Amino acid sequence: MSDDHELRVSKIRNGTVIDHVRAGQALNVLAIVGIDGSDGESVSVGMNVPSDRLARKDIVKVEGRELSEDEVDVLSLIAPDATINIVRDYEVESKHRVDRPETVEDILHCPNAGCITTEDEPVASRFDVLDDGVRCTYCGRIVREGIPELIER
Amino acid sequence: MRHGNLLTSKQLSRADVESVLDHAAAIAAGEVEPTRTGQLLGLLFFEPSTRTKMSFETAMKRQGGDVVDMGSVDSSSVKKGESLADTVRVIEGYADAIVLRHPKQGAAKLASEYVDVPVINAGDGAGHHPTQTLLDLYTIRESAGLDDLRIGIMGDLKYGRTVHSLAYALTRFDARQHFISPESLQLPREVVFDLHQQGASVREHESLDGVLSELDVLYVTRIQRERFPDENEYQKVAGEYRITTETLADARDDLTVMHPLPRVDEIAPAVDETDHATYFEQAHNGVPVRMALLDLLMGDDDE
């Protein structure tokens with residue numbers, strides 16, 4: 001089967017297509033890039049779409065908004081295979097993979113109840129990104145599994 | 001490190017450690033008399049402390065400086081719900097440096113992001129206690145040396161911040177570290193990860209028996225009864241980690257026994273009378289070491 005199956009979700013005219021998202025992570029992708037529809041974007045989501053590369057994948061299409069590399073690189077934490085297509089007038093203008101950033105800020109909350117960032121302090125959470133997980137820069141807690149559950153919503 | 005913060009022992013290079021210890025030795029020997037006249041040290045202890053707090057106060061006053069003390073949490077604005085970020089920003093206007101103890105990990109790091117005066121971490125939850133580590137290293141250097149060192153660290157290794165800080169700092173030296181604890185109180189995996197990343201020689205044990213005879217230093221910490229959900233589980237392990245003169249029969253004559261104090265019953269009083277006991281001297285070393293640290297962090301460049 002080919003990636004043409006992404007046509008199960010209608011084409012967009014201008015905006016961003018986040019493709020090759022691991023199956024089941026589409027809603028976490030929206031949460032992690034902070035898209036909840038409140039800014040008026042038109043968002044289409046395909047879940048469990050057949051894929052040659054991933055067997056099953058999710059796909060997210062955001063109409064009217066081009067996501068920056070900084071915005072999408074945080075997706076590497078939950079969707080390391082994702083490809084980002086910037087679409088203009090129905091044509092793919094650029095296509096690239098996500099890179100792992102060095103740190104992510106105000107995206108995840110620390111699961112360590114003993115961490116100062118869990119208190120009512122005016123501080124954004126911050127994690128260093130490791131090869132196989134993330135590490136809180138305040139308390140040092142390493143998280144390798146269950147990262148989607150830490151997404152600030 | 002001059003005019004900087006001291007947040008964790010991870011930030012200390014071997015040269016940094018030696019600089020503090022050499023300066024402390026010079027102060028202890030009366031060769032250097034640093035002065036903090038006209039300077040104030042802010043003491044913010046959000047948890048009870050005796051030794052750490054009093055030794056900082058002593059260190060500051062012995063140099064002619066003074067302290068401003070937040071007092072207990074119950075009598076401070078913290079009780080009204082003030083954030084740590086606000087508290088340290090207020091105290092920054094009063095004091096030339098801040099010493100912070102706090103029950104939450106990362107508190108000192110957070111504080112350092114809000115103020116321009118030096119912040120010294122005097123213990124943050126189960127995280128770090130770098131000034132304790134400096135006085136521990138001072139004591140170890142005096143008694144056993146810091147290279148070709150074989151050290152056993154025993155007790156509550158999971159929550160013991162003094163242990164975490166010491167383990168990190170020892171990676172700067174040629175030290176073989178043996179960690180002895182019940183399985184439930186082993187070192188946090190994050191710490192083990194870091195030690196391996198640093199290439200440290202680390203072994204974990206559940207019993208002291210097999211390793212005691214080769215140690216230069218045995219660093220004992222309290223097995224904290226309150227950490228055990230079941231009293232029976234505590235009773236099973238507590239006796240196995242108690243040091244007595246009989247336990248030390250198999251130790252080398254020059255073994256140094258250390259403890260960050262307070263102890264409860266993990267070292268029998270009879271051990272105090274042996275040449276092994278170094279924990280009170282260790283506590284006393286807190287003053288010259290903290291004097292040296294304050295001098296390096298608060299002193300003028302041309303001193």
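Every value quoted in this text rests on a predicted model; they were computed, and no experiment measured them.
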Check: Highest number of heavy-atom pairs under 4.5 Å with chain B: which of A:G140, A:A113, A:C110, A:P122?
Finding: A:P122
Checklist line | Main-chain N/O of A:N14 paired to A:E63 side chain as donor or acceptor, under 3.5 Å | finding: yes
Check: Can you tell me if A:S68 and A:D70 form a side-chain donor-acceptor pair at under 3.5 Å?
Finding: no
Check: In terms of heavy-atom proximity below 4.5 Å to chain A, should B:D194 be classed as side chain, backbone, both, or neither?
Finding: side chain
Checklist line | Atom group of A:R141 that falls short of 4.5 Å from chain B, counting heavy atoms | finding: both
Note to self: Report which part of A:T137 has an atom under 4.5 Å of a heavy atom belonging to chain B: side chain, backbone, both, or neither.
What the structure shows: both
Next item on the list: Check whether any side-chain N or O of A:D73 sits under 3.5 Å from a backbone N or O of A:D99 as a donor-acceptor pair, and report yes or no.
Entry: yes
Margin query: Using a 6.0 Å distance limit plus a 45 degree cone around the ring axis, check whether B:R101 lies over the aromatic ring of B:F45.
Written below: no
Item checked: Greatest number of heavy atom pairs closer than 4.5 Å to chain A - which of B:H102, B:E113, B:H128, B:R189 -> B:E113
Next item on the list: Would you please say whether a donor-acceptor pair under 3.5 Å links the side chains of B:R222 and B:H259?
Entry: no
Checklist line | Contacting moiety of B:A85, where chain A heavy atoms sit under 4.5 Å | finding: both
Note to self: Counting heavy-atom pairs closer than 4.5 Å to chain B, which one of A:N112, A:T118, A:I116 comes out on top?
What the structure shows: A:I116
Notebook entry, point to check: Side chains of B:D16 and B:S13: is there a donor and an acceptor less than 3.5 Å apart?
Noted result: yes
